[in-house]
Amino acid sequence: QVQLVESGGGSVQAGGSLRLSCAVSGYTSGSRCMGWFRQAPGKEREGVAIINTSRGSTYYVESVKGRFTISQDNAKPTVYLQMNSLEPEDTAMYYCAAGSRQACTVVPGSGSSFDYWGQGTQVTVSS
C-alpha cells in the first residue's frame with residue numbers, strides 16, 4: 001500500500017524559507033508523478049508543483065515560480081519542496097500526492113489526477 005508522509009512545515013516570517021519533505025513507501029519501481037498541493041482556509045486546493053520521477057520534468061503554478069523548487073531523491077525515496085521568499089499568501093496546509101506518470105501530462109489543478117495523498121503539513125507565514 002502506498003503511503004506518503006509529509007514533514008517540514010512550520011511558522012516563518014515573510015521572506016523566510018522552509019523545506020517540505022514527503023517520504024514515499026509502497027510503490028513498485030516505475031515512472032510516476034509526484035506533486036505538492038496546498039489548501040488555505042476557505043479556498044480550493046491547488047497544485048503548487050509536480051515532477052515526473054523518471055524524466056525529472058517539472059511544473060509550477062505561476063504564483064510560486066522562481067521561489068519554490070520541487071526535487072526528488074529516488075534512493076530514499078523522498079520528494080522535497082524548497083520554499084524561499086515565503087509570503088503570507090503561501091499560508092496553507094500542504095499535501096504531497098502521487099499518481100501515474102499521466103498525471104504529469106496535465107495541469108495539476110486540484111489534484112483529481114492523483115491517486116494517493118499524505119495527511120498534510122501546515123505552513124504559516126506571518127507578515
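Values in this document were obtained by computation on a predicted structure and should not be read as measured data.
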Does Tyr116 share a hydrophobic cluster with Ile70, counting links as ILVMFWY side-chain heavy atoms below 4.5 Å and allowing steps through other members?
yes

Taking disulfide (SG to SG under 2.5 Å) as the cut-off, I'd like each qualifying pair that reaches into residues 97-127, sequence neighbours left out, listed once.
Cys33-Cys104

What's the separation between atom OG in Ser71 and atom CD in Gln82, rounded to the nearest 0.5 Å?
8.0 Å

Do the side chains of Tyr80 and Met83 join up, straight or via other hydrophobic residues, at under 4.5 Å, putting them in one cluster?
no

Which atom of Val106 lies closest to which atom of Ser113, heavy atoms considered:
CG2-OG, 3.9 Å

Minimum heavy-atom separation for Pro108 and Ile50, please, with both atom names.
CB-CG2, 3.9 Å

Could you state the interatomic distance from CD (Gln13) to OG (Ser126), rounded to the nearest 0.5 Å?
5.0 Å

With a 4.5 Å cut-off on side-chain heavy atoms, are Gln122 and Met93 touching?
yes

Does any non-hydrogen side-chain atom of Met34 lie less than 4.5 Å from one of Leu4?
yes

Indicate the atoms forming the closest heavy-atom contact of Arg45 with Gln39, along with that distance.
N-NE2, 3.7 Å

Donor-acceptor contact present, side-chain Thr91 to main-chain Val125, <3.5 Å
yes

Going from CD on Gln102 to OG on Ser31, what distance comes out if it is rounded to the nearest 0.5 angstrom?
8.5 Å

Please list all pairs passing the ring pair (Phe, Tyr, Trp, His ring centres under 6.0 Å) test where one or both residues lie in residues 35-71, with sequence neighbours left out.
Phe37-Phe114, Phe37-Trp117

Would you say that Pro77 contacts Arg32 through its side chain, given a criterion of any heavy-atom pair below 4.5 Å between the two side chains?
yes

Reported CG-to-OG1 distance for the pair Leu81 and Thr69, which is rounded to 0.5 angstrom
8.0 Å

Shortest non-hydrogen contact between Gly9 and Thr121, atoms and distance
N-OG1, 3.1 Å

May I ask you to decide if Val5's main-chain N or O and Gln119's side chain share a donor-acceptor pair within less than 3.5 Å?
no

Which pair of heavy atoms, one from Arg38 and one from Asp90, lies closest together, and at what distance?
NH1-OD1, 2.9 Å

Indicate yes or no: at least one non-hydrogen side-chain atom of Ser17 is less than 4.5 angstrom from one of Val12.
no

Closest non-hydrogen contact found for Gln72 with Asn74 is OE1-OD1, 3.0 Å

Give the cluster check for Val24 versus Tyr95: same hydrophobic cluster or not, with ILVMFWY residues linked at side-chain heavy-atom distances below 4.5 Å.
no

Answer whether the closest heavy-atom distance between the side chains of Val123 and Leu20 falls below 4.5 Å.
yes

